[in-house]
Amino acid sequence: MSYQILPFRYNRYNDDTMFLSNEVGEYCFISKYDFEKYINCLLDKNSNTFKNLKSKYLLVDNEDIDSVVGLLSIKYRTKKSYLNDFTSLHMVVPTQRCNSNCIYCQVSKKNINETKYDMNKNTARNVVDCIFKSPSKMIKIEFQGGEPLLNFSIIKYIIEYAEWKNIIKQKDIEFIICTNLTLINEKMLKYLKKHNVFISTSLDGSKEIHNKNRPLLDSNNSYDLLMQSIELCKKYLGEYSVSALMTTSSYNVNNLNVVVDEYKKLGFNAIFIRSLNPYGLAKQNKDQIGYNIEQFIDNYKKVLDYIVNINRNGYYLIEGYASILLTRILTPFSTGFVDLQSPSGIGISGVIYNYNGNVYVSDEGRMLSAMGDEKFYMGNVNQNNYNELFNSEYLKSLIKMSCLESLPECSYCAYQTYCGADPVRNYSEQKDIIGRRSKSDICYKNKSIIKYLLELLKINNNSINNVFWSWITRKPINN
Amino acid sequence: MKTTNGNSFNINSVIMGRITRNKFHLINKKKYILINNGKNYVKGYACLINNNYKSEKVRYPFIYNVQNIDILRDNDIALVNRNGNIIVLFEDESDTNSIFITSKCNCNCIMCPQERFDEENNENIAINLRLIDLIPKNTKCLAITGGEPTLKKDGLIEIIRHCKNKLPNTSLLLLTNGILFESIEYVRDIVKIGHPNIDFEIPLYSDINDDHNNIVNCNGFYKTIKGIYNLYLFKQNVSLRNVILKLNYERLPQYAEFIYRNLPFIQHIAFMQMETRALALKNIDDIWIDPYLYQSELEESINMLNQRQIKISIYNAQLCILNKTLWKYARKSISLWKNIYLKECEQCKRRNDCAGFFETSNEIHSKYIKPL
Amino acid sequence: MNNKISDNRCIFRFNKDIYCKEAILNTLYRLLEKCYFELNINNKNEYELVIDIKEIGNIEVFKKEFNNELIDQQLRIDIENKYTHIRNLIIEKAFLPIKDKNI
């Protein structure tokens, strides 16, 4: 009659209910009363609670332990499968110069005439050589900055050199440029079209909000220029070639619905509600443009409801952060979002090559270096080989400190499988790579958003579930 | 299978051939069984069949006094034996023909609609190889079935190989409980044959091992799942089927969740109404539930699978008892030779789209049948 | 047995047979923002925990919060002992394919 409990974590969802989750993200809400019986192996084998727990691999009959351990190990491997191929996201900084004057600039940009902050051909070649040493079959090369288009010639050089190398290597390569689009022209677009390059831009809201967040150096009206450029891109590259993301400042944190309306108006099908990262100007001007985390979370929940309803009314719009979390909660698959992984994706999933060849574990690591702290410096492509950069004791020790399974509080958190470690953020906020959860804004944010999504899932409303699944599968609901 | 019989004459062993009523074949006469109602004797065919009496002068294999001779359609492939039995192994008009490997099974499903034959016909493999020789090359699909086909490993492999050689354009559908595929070597041996187009269809009746095992009457649940994983490891296409009974309808939604969490690579799931004959009939009190009564569980389960982008079909279900939203999944799945409609169906506007009923179901069906 | 000494300070005593050191420390870690502490073993071989809370006057609420959290932490440790061998098996089996490979 006996059964064995399988590994799980729990929290008290409310006074009467416990939330349980297992190593592969399957979860269950059960009453306190049933929980008591469950952990003492007293559940009635014919009860629905018993069957539901068994179906979700939270318990197993004693005679089946071997079979179930075998099955669970396969599922566990699937959840961690993003580790299989090593670094697939390679961010390249062609220049640190920028013509924007965003109030929250996190990368400590340089003036547009300081060309010594441009990447040269030698470095570019070494960067591409290094990228191709990665065992990953899928490579995404993402140009960041500064404003990448200020050094378009190096972008072209990198794209062409990479394509040439790929004739032999035969990897699946994707190019994407993160740009403010102020400098885009027909000639560039024709080039980008020819080489199948995607565009990611920033749109923080309506004209008023966007201009407040993201003025240019020489103009206070970046919005109109952005609109023109987006039209141009769509004309040359296609309707869905441009994606956008937004940054939340004190100017739009209370008006996130307005931001969403703007995205809908422009025909975007995805938005990523991003909170401010405490680097560069964002940290410096915290008092003016910052907000506390509770305010962000409150408004995030409201805008998430708003976006879900937009979907229910027939317009397909994914919220990026929620869709990643939902994939972790509802599917057996892993996600490749480097900020939400255990071990963290720093270096091993994503990496950044600065204009001077310096390699950092993540974009935030680079931002710290721009502020004077080289803590997350891995090496330089012009001086170190691939092995020295990626197989170093330094990187390994960082990774060891970013496995949630062995971090304080995370090790027993019921949301562990849905969450990820952020050692760079811990260091930048708390001067400690491991960090303390009670002081961590990221922990508070993730817990709150995950709990909110679980609340919405618990309601089991068919149309809300349809929306969520349409985000996970990237396929709009067919009505 | 369609069968009929008559009196045999000059038949010493099993004869197989394509049914024809054409007396004027010039070549390959030995591949054909001629239906010849008349006094003309035609030379060279594998066998002659008619519905009247024989003549003493005939020296060839001959079956006479055959009942229902019209059920034998041209280009059906039949087997005749010395007892005068005529068994149609392949129906030209049907797109669901099967190769029957063995009647033995390593399970004992509580709703099995298959008659058990006590004697195992040891010539099954040889007969099937000959059948494959006769099957038209443009046949789209063949099922391989039983009992449990994987019980005869060598025969199964030989048959698949023969299909690959003789019917390269015909896709195969292997109906199996997958239990023996728990052995990865077995799966490797099947895959090694290199057949270009073989799908596997495996029954899984519940998300709970005990519930599934009680239905199949053997300890198969985890073995079947392991078998499915092994097939997936070799990149094979696997589909599931689930016959809905009183014993498993309540957990249909949890079943959907379980499949997605554990077998997300499944190509397709077929939910089936039972065929109430043989063991199903014997156990009817334990297993029967009026399909009309489980529509909400079925719909919830299908909604969930839809959200997760898993393809679905509903087999053997009548449109009048299915929720309208589910009609697009209903298939006309009942083999022609046993497909009937009721008196109530005569007035029904949807009759042509509806799967209808099993003639073999002994008149057990939903109480809620009505014309639409 | 808890003793309130002042509005900001109290002493907890824990029987070592009921609560393990790990459970007490995990609980403290969780509530570290709210207090200062000193942990010792007294001559009755009990854990003796002296707590000074940072926010003056809320010592009763803190005591209750501490006790509730402690039960959860101890429970987690007890439950984990019941399945830790299985978790090790699962992870070992999951990484079996690359076990002896030189990566």
Side-chain angles (χ1 to χ4, degrees), chain A residues 1 3 22 24-28 45-61 63-79 326-327 329-333 457 460-479, chain B residues 178-179 182-184 204-214 219-233 247-248 250-266 296-297 299-312 323 325 328-329:
Chain A
M1 266 302 269
Y3 62 84
N22 70 9
V24 295
E26 291 177 271
Y27 68 91
C28 197
K45 282 200 163 189
N46 291 316
S47 66
N48 272 333
T49 307
F50 180 88
K51 289 189 176 182
N52 289 342
L53 291 170
K54 188 195 264 197
S55 179
K56 290 175 192 277
Y57 290 107
L58 287 161
L59 56 81
V60 63
D61 293 318
E63 61 262 25
D64 298 320
I65 290 181
D66 279 339
S67 307
V68 165
V69 161
L71 299 178
L72 267 175
S73 69
I74 293 174
K75 285 152 70 78
Y76 186 76
R77 212 182 297 136
T78 307
K79 267 293 177 188
L326 288 167
T327 305
I329 295 171
L330 294 176
T331 83
F333 304 117
L457 289 170
N460 205 15
N461 172 305
N462 201 36
S463 72
I464 296 180
N465 289 349
N466 278 344
V467 172
F468 286 160
W469 278 101
S470 75
W471 292 356
I472 293 173
T473 59
R474 292 285 189 272
K475 291 200 169 87
I477 321 154
N478 43 3
N479 281 321
Chain B
I179 288 178
E182 188 192 24
S183 148
I184 194 137
L204 200 68
Y205 298 116
S206 176
D207 60 320
I208 302 293
N209 61 334
D210 292 328
D211 292 356
H212 171 93
N213 290 340
N214 283 337
N219 204 358
F221 185 76
Y222 290 116
K223 297 186 181 150
T224 296
I225 293 190
K226 188 83 199 343
I228 297 174
Y229 277 138
N230 284 342
L231 286 166
Y232 181 59
L233 206 57
L247 302 169
N248 63 358
E250 282 169 325
R251 289 190 70 85
L252 280 174
Q254 289 88 341
Y255 176 79
E257 170 84 8
F258 180 84
I259 298 302
Y260 182 72
R261 289 275 190 182
N262 295 283
L263 306 169
F265 47 82
I266 289 298
S296 67
E297 286 87 351
E299 185 163 9
E300 192 184 339
S301 187
I302 289 183
N303 269 348
M304 290 169 71
L305 291 166
N306 246 344
Q307 287 165 343
R308 291 150 176 80
Q309 302 286 322
I310 295 184
K311 296 199 194 66
I312 298 146
N323 279 348
T325 50
K328 58 177 180 267
Y329 307 109

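So you know, we letter chains A, B, ... as the sequences are listed, proteins then strands, and number each from 1. Not measured: the values here are computed from a predicted model.
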Legend entry - Among the listed options A/Asn48, A/Asn465, A/Ile472, the residue most often paired with chain B at heavy-atom distances under 4.5 Å: A/Asn465
Legend entry - Selection from A/Thr473, A/Leu71, A/Asp64 maximising heavy-atom pairs under 4.5 Å formed with chain B: A/Asp64
Inset, instruction - Start with the C-alpha gap between A/Lys56 and B/Asp207, add the side-chain angles, then the distance that decides, and say whether side-chain contact (heavy atoms from CB on, under 4.5 Å) holds. - result: CA-CA 9 Å; A/Lys56 290 175 192 277; B/Asp207 60 320; over 6 Å; no
Inset, instruction - Let me know if B/Tyr229 has heavy atoms under 4.5 Å from chain A in its side chain, its backbone, both or neither. - result: side chain
Inset, instruction - Considering only heavy atoms and a distance below 4.5 Å, find which of B/Gln307, B/Lys226, B/Gln309 pairs most often with chain A. - result: B/Gln307
Legend entry - CZ-OG1 distance between B/Phe265 and A/Thr78, expressed to the nearest 0.5 angstrom: 9.0 Å
Inset, instruction - Using side-chain hydrogen bond (donor to acceptor under 3.5 Å, both in side chains) as the criterion, list what pairs up with A/Thr331, not counting sequence neighbours. - result: none
Legend entry - Atom pair CG/CG of A/Asn466 and B/Asn303 - distance to nearest 0.5 Å: 7.0 Å
Legend entry - Interface moiety of A/Phe468 toward chain B, non-hydrogen atoms closer than 4.5 Å: neither
Inset, instruction - Rounded to the nearest 0.5 Å, what's the gap from CG on B/Asp211 to CG on A/Asn46? Could you check? - result: 9.0 Å
Could you pull out all donor-acceptor pairs under 3.5 Å where a side-chain atom in residues 253-260 of chain B meets a protein atom, sequence neighbours excluded?
{"from": "B/Tyr255", "atom 1": "OH", "to": "B/Leu204", "atom 2": "O", "distance (Å)": "2.7"}
{"from": "B/Glu257", "atom 1": "OE1", "to": "B/Arg308", "atom 2": "NH2", "distance (Å)": "3.1"}
{"from": "B/Glu257", "atom 1": "OE2", "to": "B/Arg261", "atom 2": "NE", "distance (Å)": "3.0"}

Legend entry - A/Asn461, CG: over 12 other non-hydrogen atoms inside 6.0 angstrom: yes
Inset, instruction - Drop me the distance from A/Lys54's NZ to B/Asp210's CG, to the nearest 0.5 angstrom. - result: 4.0 Å
Legend entry - Interatomic spacing from CG in B/Asn262 to CD in A/Glu26 - rounded to 0.5 Å: 6.0 Å
Legend entry - Gap separating the CD atom of B/Glu300 from the CG atom of A/Asn460, nearest 0.5 angstrom: 6.5 Å
Inset, instruction - Let me know if A/Lys51 has heavy atoms under 4.5 Å from chain B in its side chain, its backbone, both or neither. - result: both
